[in-house]
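In what follows, a structure is listed as structure tokens, so that the remarks can point back to it.
In this chain, numbering begins with 1 at the start of the sequence shown. Values reported hereafter were calculated over all heavy atoms of this structure, with side chains retained and with hydrogens, waters and symmetry mates removed. Bear in mind that the values here come from a model prediction, so they are computed numbers and not experimental data.
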Amino acid sequence: MYAHAQTVIQWMEQLAPKSMAVPDDRIGLQLGTLNKKVSRVLVALDVTEEVVDEAIRLEAELIIAHHAIIYRPLPHLQTDTPAGKLMEKLIKHDIAVYISHTNYDVAPGGMNDLMADRLRLTEVKVLEKLQQEPLQKLVVFVPVSHADSVRMAILDAGAGHIGAYSHCSFSQPGTGTFQPQEGTNPFIGESGKLESVEEVRIETIVPQSRRSRVLQAMFKAHPYEEVAYDLYPLDLEGTAYGLGRVGKLPAPVTLQACAEQVKKAFDVPHVRVVGSPEREVKKIAVLGGSGSRYVRHALFHGADVLVTGDIDYHTAHDALAAGLAIIDPGHNAEKMMKEDVASRLQQAADKHGVKTVFHASSVNTEPFQFM
């Protein structure tokens, strides 16, 4: 049994929710249909003619890519132009194209976390905060006999995270009263009779993204027909989501040594470097893709060096004057996403017992040659 294309996209959007994309980013289904089963899926950085040919050879019915094939409005779709020819080939071979771009950059475990992990950064934080997840306080009243099981159910479902601590909660004993009405089937007591029950008040924190899962776990574990619970909005900062990451190397190194580390970790043959090769660097900001406008963010966070692509001449001068080093591995360094996404989607397919196979594209889409 093969996975439905819509199911594959649901897995992808669990990794990189569309809500995390920056406004007006060209993400989602850009060509074709998801109303079909897919036996093979190709994961690519860019959708070029060579990548489409690879998908045809593999008999893939879906391409999941990082960079959009329709980035600007198309005035026409003429099949004698390079773009039109590419889309015609995709349509003729019934290959759908789905884009996950800045939502994958922002998502935990996505592009920017990959970059930070490959450089072994510690104490990692978001470079530019775009979203702050709302938090709510969940209060639920449970009979003493079921307090432990309900507590563990909601905490295991994702409630109770405070900083680096999980399963945080508070419990307080008390007395609950209720009178079952006609037609009810109470766990404790009788219809028409006022009951007093020794209960436990359990309090914990729930992130907005886990609210539905936590409540479902609570209802399933709770013995009562009607669960007494409250949800309160909190004026507290939840998890920050955004572009780029900033963190510390395990030990200080020279800028030259850091550049060599970037080349090896990102699998690129060359990097451009701004700054003295002998200067010491410890704190590093990373950002996939084009990062020219993030120099001030890196400086704000006290970074010694910004690792990002597509740095222009004047931005390099500005960074040098401000004391910020730059290592530019090129935009194509984002190719690291191919293996990551293909592997994580394959794990999801295997978990659900489907035969769909995910391939990381082997095509090198770097447009520049170094001479």
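- Looking at Asn112, its side chain does come within 3.5 Å of a backbone N or O of Gly288 through a donor-acceptor pair.
- Residues Lys125 and Glu123 are not paired through a salt bridge, judged by the lack of any N-O separation under 4.0 Å between the basic side chain and the carboxylate.
- Closest of all the heavy-atom pairs between Phe358 and Ala349 is CE1-CB, 3.7 Å.
- Under the 3.5 Å distance criterion, with hydrogens and angles disregarded, no donor-acceptor pair is assigned to the side chains of Gln136 and Tyr232.
- A donor-acceptor contact under 3.5 angstrom links the side chains of Glu61 and Ser39, judged on distance only.
- For the pair Phe266/Ile327, no side-chain contact is recorded, criterion being any heavy-atom separation below 4.5 Å from C-beta on.
- Residues Thr254 and Pro277 form no side-chain contact, since every pair of their non-hydrogen atoms from C-beta on lies 4.5 Å or further apart.
- Of all the heavy atoms in Lys283 and Val246, the pair that sits closest is CE-CG2, 4.0 Å.
- Environment of CD in Glu59: sparse, with no more than 12 heavy atoms of neighbouring residues, nucleotides or ligands closer than 6.0 Å.
- Taking the six-membered ring for Trp and thresholds of 30 and 60 degrees, His66 and Tyr104 have ring planes more than 60 degrees apart, a perpendicular arrangement.
- In this structure the side chain of Lys263 never reaches within 4.5 angstrom of the side chain of His270, judged on heavy atoms.
- For the residue pair Ser191 and Gln181, no side-chain donor N or O sits within less than 3.5 Å of a side-chain acceptor on the partner.
- Electrostatic pairing of Glu260 and Lys264 does not count as a salt bridge here, judged by no charged N lying under 4.0 Å from a carboxylate O.
- Salt-bridge formation is detected for the pair Arg245/Asp113: a Lys NZ or Arg NE/NH1/NH2 atom is positioned less than 4.0 Å from an Asp or Glu carboxylate oxygen.
- When atom types are taken as modelled, the side chain of Gln216 and the backbone of Ala157 share no donor-acceptor pair closer than 3.5 angstrom.
- Atom NZ of Lys89 has more than 12 neighbouring heavy atoms from other residues, nucleotides or ligands inside a 6.0 Å radius.
- Summarising the local packing, CD of Gln78 is surrounded by more than 12 heavy atoms from other residues, nucleotides or ligands at distances under 6.0 Å.
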Assess the residue pair His297 and Tyr294 against the criterion (ring pair (Phe, Tyr, Trp, His ring centres under 6.0 Å)); give the C-alpha distance rounded to whole Å, side-chain angles, the decisive distance to 0.1 Å, and a yes or no. CA-CA 5 Å; His297 296 82; Tyr294 289 89; 4.9 Å; yes
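- Within the 3.5 Å criterion, the main-chain N or O of Gly238 finds a donor-acceptor partner in the side chain of Gln132.
- A pairwise comparison of heavy atoms in Ala159 and Val214 identifies N-CG2, 3.7 Å as the closest pair.
- Gly158 approaches Pro207 most closely through the heavy-atom pair O-CD, 3.8 Å.
- Proximity of a side-chain donor or acceptor of Glu54 to a complementary backbone N or O of Ser362 within less than 3.5 Å is detected.
- The side-chain contact (heavy atoms from CB on, under 4.5 Å) test with Val305 is passed by exactly one of Leu249, Val274, Val281: Val281.
- Summarising the local packing, CZ of Arg120 is surrounded by 12 or fewer heavy atoms from other residues, nucleotides or ligands at distances under 6.0 Å.
- In this pair, Tyr224 and Phe187 present their aromatic rings tilted. The plane angle is within the 30 to 60° band.
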Decide side chain to side chain contact (heavy atoms under 4.5 Å, CB included) for Ile205 and His161; before the verdict, give the C-alpha distance in whole Å, the side-chain angles of both, and the deciding distance to 0.1 Å. CA-CA 7 Å; Ile205 289 177; His161 283 262; over 6 Å; no
In sequence, state the C-alpha distance, the side-chain angles, and the governing distance for Glu278 and Leu255, and then conclude on side chain to side chain contact (heavy atoms under 4.5 Å, CB included). CA-CA 6 Å; Glu278 302 305 317; Leu255 180 60; over 6 Å; no
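- Thr184 is listed as a side-chain neighbour of Glu225, based on a closest heavy-atom distance under 4.5 Å.
- One finds a salt bridge joining Asp340 and Arg344 here, because a Lys/Arg side-chain nitrogen approaches an Asp/Glu carboxylate oxygen to under 4.0 Å.
- Across all non-hydrogen atoms, the minimal contact from Gly84 to Leu77 is CA-CD1, 4.0 Å.
- When side chains are defined from C-beta on, Asp46 does not count as touching Val51, because their heavy atoms never get closer than 4.5 Å.
- Ionic pairing of Glu128 and Arg293 is present here: one or more N-O contacts between side-chain nitrogen and carboxylate oxygen are shorter than 4.0 angstrom.
- Every residue two or more places apart in sequence or in another chain that forms a ring pair (Phe, Tyr, Trp, His ring centres under 6.0 Å) with Tyr229 is listed here: Phe219.
- Side-chain N/O atoms of Ser171 and Arg151 include a donor and acceptor closer than 3.5 Å.
- The two residues Ile311 and Ser292 come nearest to each other via the heavy atoms CA-OG, 3.5 Å.
- For CG of Asp24, the number of neighbouring non-hydrogen atoms (other residues, nucleotides, ligands) closer than 6.0 Å is 12 at most.
- With a 6.0 Å radius and a threshold of 12 heavy atoms from other residues, nucleotides or ligands, Tyr165 has its OH atom at or below the threshold.
- Of the N and O atoms on the side chains of Glu133 and Ser209, at least one donor lies less than 3.5 Å from an acceptor on the other residue.
- Between Asp304 and Ile284, every side-chain heavy-atom pair lies at or beyond the 4.5 Å cut-off.
- Side chain of Glu195 to backbone of Phe178: no donor-acceptor contact under 3.5 angstrom is found.
- For the salt bridge (charged side-chain N to carboxylate O under 4.0 Å, His left out) with Arg272, the qualifying choice from Asp312, Asp310, Asp328 is Asp328, the only one to do so.
- Taking the side chain as every heavy atom from C-beta outward, Glu334 and Pro329 never approach each other to under 4.5 Å.
- Side-chain atoms of Asp318 and Tyr313 form no donor-acceptor pair, as typed in the model, at a separation below 3.5 Å.
- In this structure, Lys36 and Asp94 have side chains that are in contact, with non-hydrogen atoms separated by less than 4.5 Å.
- Side chain to side chain, His67 and His331 meet the donor-acceptor criterion of an N or O pair below 3.5 Å.
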